[in-house]
Amino acid sequence: SSLLCSQYVEHTDWPRKQKDDLMEKLVFSAFFCDMNLPSDEMLMARSEEDLLNFNSKEMDILNSHAQKIAESLKTYPNIPQDVDKIIMQHHGVMNGHGYTVFPWGGTALAAQILFYSQDLALRILTANGKKLGNVLADFESSYVESPQIEIVSKFLKSFKETSSLSSSNN
């Protein structure tokens, strides 16, 4: 997901310093945001619907992991500013507890970028032979009604522009 975040940020018209600062925050956030999840199955949970596949103890871990990581990182001496907020909101909810289908409007832009990059990365990793063009189309269609559809569109554009795979797999 760090690579996908990077592609998105690099395709903005933001000043270089702003891009660099945001990338530092996103890479740090992507590395730590799910580190306390004990299984691959838990790492793949992306929605409230996915949580139904877990027992109550696992659901508690999943629902609170972002909040717990964000709190524990506050003690880290060199944490980039706002990383705790990005991690808290990386599943689209403001308070770091639970999951949502679309990021809420008040979530930080960086958290929204991480939300969509994690979803696309997971779709690519679990595509099981599906053509990349089809994976990207499925990703886009999942967010047609998203309040942040502009972010999704920019995300796909940046990915397609930098990916030689998308043209060969369509």
For this session: Of all the heavy-atom pairs spanning T107 and M94, show the shortest one and how long it is.
Result: N-SD, 3.4 Å

Problem set entry | Electrostatic pair E24:K19 at N-O distance under 4.0 angstrom | no

For this session: Mark yes or no for whether Q118, through its side chain, and S1, through its backbone, hold a donor-acceptor pair below 3.5 Å.
Result: no

For this session: I would like to know whether D50 and Y99 meet side chain to side chain contact (heavy atoms under 4.5 Å, CB included); could you show each step before the answer?
Result: CA-CA 9 Å; D50 291 343; Y99 291 72; over 6 Å; no

Exercise. Less than 4.5 Å apart, any side-chain heavy atom of E41 and any of F54?
Worked result: yes

For this session: Answer yes if the ring centres of H90 and H65 are under 6.0 angstrom apart, and no otherwise.
Result: yes

For this session: Name all residues meeting the side chain to side chain contact (heavy atoms under 4.5 Å, CB included) criterion together with P15; count only those two or more places apart in sequence or in a different chain, and write none if there are none.
Result: Q18

Problem set entry | Ring center gap for Y8 and Y116 short of 6.0 angstrom | no

Problem set entry | Check against side chain to side chain contact (heavy atoms under 4.5 Å, CB included), S47 and H91 | CA-CA 8 Å; S47 68; H91 285 295; over 6 Å; no

For this session: Report the C-alpha distance between L122 and L43 in whole Å, list the side-chain angles of each, state the deciding distance to 0.1 Å, and finish with yes or no for side chain to side chain contact (heavy atoms under 4.5 Å, CB included).
Result: CA-CA 9 Å; L122 181 61; L43 286 169; over 6 Å; no

Exercise. Is there a donor-acceptor contact under 3.5 Å from the side chain of S29 to the main chain of L26?
Worked result: no

Problem set entry | From CG (D21) to CH2 (W14), nearest 0.5 Å | 11.5 Å

For this session: State the CE-CE distance between M59 and M42, to the nearest 0.5 angstrom.
Result: 10.0 Å

Exercise. Just checking, any donor-acceptor pair under 3.5 angstrom between side chains of Y143 and D119?
Worked result: yes

Exercise. Is E71 salt-bridged to K74, cutoff N-O under 4.0 Å?
Worked result: yes

Exercise. Linking Ile, Leu, Val, Met, Phe, Trp and Tyr by side-chain heavy atoms under 4.5 Å, what else ends up with M35?
Worked result: F28, F31, F32, I69, L73, Y76, I79, V83, I87

Seminar exercise, completed: One should read off an interatomic distance between L22 CG and T12 OG1, to the nearest 0.5 angstrom, of 8.0 Å

For this session: List the steps and the verdict of side chain to side chain contact (heavy atoms under 4.5 Å, CB included) for V152 and F139.
Result: CA-CA 9 Å; V152 173; F139 174 77; 3.9 Å; yes

For this session: Find the distance between CD (Q81) and CD1 (I86) and round it off to the nearest 0.5 Å.
Result: 10.0 Å

Problem set entry | Any donor-acceptor N/O pair, N55 side chain to E58 backbone, under 3.5 Å | yes

Exercise. Is a side-chain donor or acceptor of S142 paired with a backbone partner of D138 at a separation under 3.5 angstrom?
Worked result: yes

Exercise. Within the side chain of Q67, is there an N or O that forms a donor-acceptor pair under 3.5 Å with the backbone of H97?
Worked result: no

Exercise. Does any N or O in the side chain of E48 come within less than 3.5 Å of the main-chain N or O of T100, such that one atom is a donor and the other an acceptor?
Worked result: no

Seminar exercise, completed: d(L62 CG, R46 CZ) to nearest 0.5 Å is 11.5 Å

For this session: Could you grab the distance from atom CG of L120 to atom CD of Q7, nearest 0.5 Å is fine?
Result: 9.0 Å

Exercise. Same hydrophobic cluster for V27 and L3, using side-chain heavy-atom links shorter than 4.5 Å among ILVMFWY?
Worked result: no

Exercise. Is it true that M44 and I61 fall in one hydrophobic cluster, defined by side-chain heavy atoms closer than 4.5 Å?
Worked result: no

Exercise. Which heavy atom in M23 sits nearest to a heavy atom in S2, and how many Å separate them?
Worked result: CE-O, 4.1 Å

Exercise. More than 12 non-hydrogen atoms from neighbouring residues, nucleotides or ligands closer than 6.0 Å to NZ on K154, yes or no?
Worked result: no

Problem set entry | Option among D84, D20, D82 that satisfies the salt bridge (Lys or Arg N to Asp or Glu O under 4.0 Å) test with K25 | D82

